[in-house]
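By convention in this document, chain letters (A, B, ...) are assigned in the order of the sequence lines, proteins followed by strands, and residues within each chain are numbered from 1.
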Protein chains: 2
Amino acid sequence: MKPPEKAFSDYLASRNLKMTPQRRLILETFIKTDGHVSSEELYNRVKAKDPSVGQATVYRTLKLLSESEIAEAVDFGDGVARYELHYGQDHHDHLICERCGKNIEIVDPTIERLQEELAESYGFELERHKMYLFGICESCRKKKGSSE
Amino acid sequence: MKPPEKAFSDYLASRNLKMTPQRRLILETFIKTDGHVSSEELYNRVKAKDPSVGQATVYRTLKLLSESEIAEAVDFGDGVARYELHYGQDHHDHLICERCGKNIEIVDPTIERLQEELAESYGFELERHKMYLFGICESCRKKKGSSE
DNA sequence: CTGCCTGCAAATCTTTTGCACCATT
DNA sequence: AATGGTGCAAAAGATTTGCAGGCAG
C-alpha cells in the first residue's frame, strides 16, 4: 500500500491540484498526531514548525484530506470538527467515557455484519457508518460520586 | 406515563425554574414537529404562532429540553444541531441516504445487545449510544448518475 | 422586593471566503 | 501569461451571553 503522502499527491493530481510544502507539512503533522485532532489543534502544531502557515490553509487542507479519505471527520457532539487518520487504518468505532472522556477504539465484526444486513433490509447499500457508545468506564465507576 | 408537558414542568420545578407561556409554546411546537428540527426551524414555527418570541428563548428552551431528556440532539455532521423528541419514544438509530438525505429510523435488538456486551467487555457501563448508517437508498441507486 | 424570564443586540466561536500577491509551469 | 496556492482579514453561520425591563410570588 502506498504511503499516505503518495496517496494524497495522487488525489491532488487527479483533481489538478498540487502538492505544496504547506500541504505536505500539514499532512505530516496530521499523521504524527494520533487521536482526534481539531483543526485548531492541528494549526497550532503546524504553526510550531512553520509559523508562516495560515489557519485557513489548515482548514482547506483538512477538507482535502477528508475528500481524499485520508482523514475522516469524527463528531463527538461538541461544536468542534475533529479528524482522525483514516487511510490505511482499520475501521473502528468509539467507546467514550462520559465522565473522564476516555476514548477507546473498538470494533465488533458481528455488529458490522448486522449493520450491513440491517441496511440491506431497507434497500440501502451501506457505505459507511458511525457508532458511538457512551458509558462510564470502570475506574470512573470506582471513584463514584467524584464528579457531577 | 405523564405527558411531556408535565414531565417538563416537573423538571423545571426541580431546578427552581418556571413553566412559562413561551416555554409551553416551544415545547408544544416541538412535539408537533416530527423528525429532526434545528433550532432555527423550530424558531420559525414558533414565530408563526407568536412573533414576539425571541430566537434566544428557543435556543435556551431547547437546551432545557435536552437536559430534561425530553429532546435529544442528533448530529448529522452538517454544522447544525438538530433535536428530536426523546421522551416517551422508543430508542432508535438512523439510516441515512447520502444522496437524497432520506432518513429512516431503525432499531435492531441484536445490535443493541451486542453493543451492551461490547461495552461491558471493556469494563464500561453503557449509558447510551448513537449509531448512524450511511448508504444509498434503493430509489437513488436506480436513478444512478443523476447527482454528483 | 427577589428571582427567574425574556427579547434584543452584541459578542463568541468555528469555519469559509474574497482578495491581492506568490509560485510554478 | 495562466493556474493554482497562500496568508490575511473580513464575512458568515450557529449559538451564547449581557443587559435592562417585565412578571409572579
Gap between atoms [atom1] and [atom2], on [X] and [N] respectively (whole Å):
X: Y43(B); N: dT15(D); atom1: OH; atom2: P; answer: 14 Å
X: R15(A); N: dT3(D); atom1: CZ; atom2: C1'; answer: 15 Å
X: L12(A); N: dT24(C); atom1: CG; atom2: P; answer: 16 Å
X: E41(A); N: dC13(C); atom1: CD; atom2: C1'; answer: 15 Å
X: K47(B); N: dC8(C); atom1: NZ; atom2: P; answer: 10 Å

Shortest non-hydrogen contact between R23(A) and F8(A), atoms and distance: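 Distance-wise, the nearest heavy atoms are CB-CE2, 4.2 Å.
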How close do G135(B) and F124(A) get, counting heavy atoms only, and between which atoms? C-CD2, 4.0 Å
Between P51(B) and L17(B), who's closer to the 5' end of DNA chain C by nearest nucleotide? L17(B)
Residues [X] and [Y] bridged, charged N to O under 4.0 Å:
X: D75(A); Y: K130(A); value: no
X: E28(A); Y: K49(A); value: no
X: R113(A); Y: E117(A); value: yes
X: E98(A); Y: R128(B); value: yes

Are there any protein N/O atoms within less than 3.5 Å of an N/O atom in nucleotides 14-23 of chain C, and if so, which ones and at what distance?
from	atom 1	to	atom 2	distance (Å)
dT15(C)	OP1	A81(A)	N	2.9
dT15(C)	OP2	Y59(A)	OH	2.8
dT16(C)	OP1	K63(A)	NZ	3.1

Output every pair passing ring pair (Phe, Tyr, Trp, His ring centres under 6.0 Å) with a member in residues 93-117 of chain A, not counting sequence neighbours, ordered by first then second residue. H36(A)-H94(A), F76(A)-H94(A), H92(A)-H94(A), H94(A)-Y132(A)
More than 12 heavy atoms of other residues, nucleotides or ligands under 6.0 Å from CD of E69(B): yes or no?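 Atom CD in E69(B) is not packed in, count stays at 12 or less.
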DNA chain C-proximal residues of residues 19-37 of chain B, any heavy atom under 4.0 Å: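 Listed by number, they are T20(B), Q22(B), R23(B).
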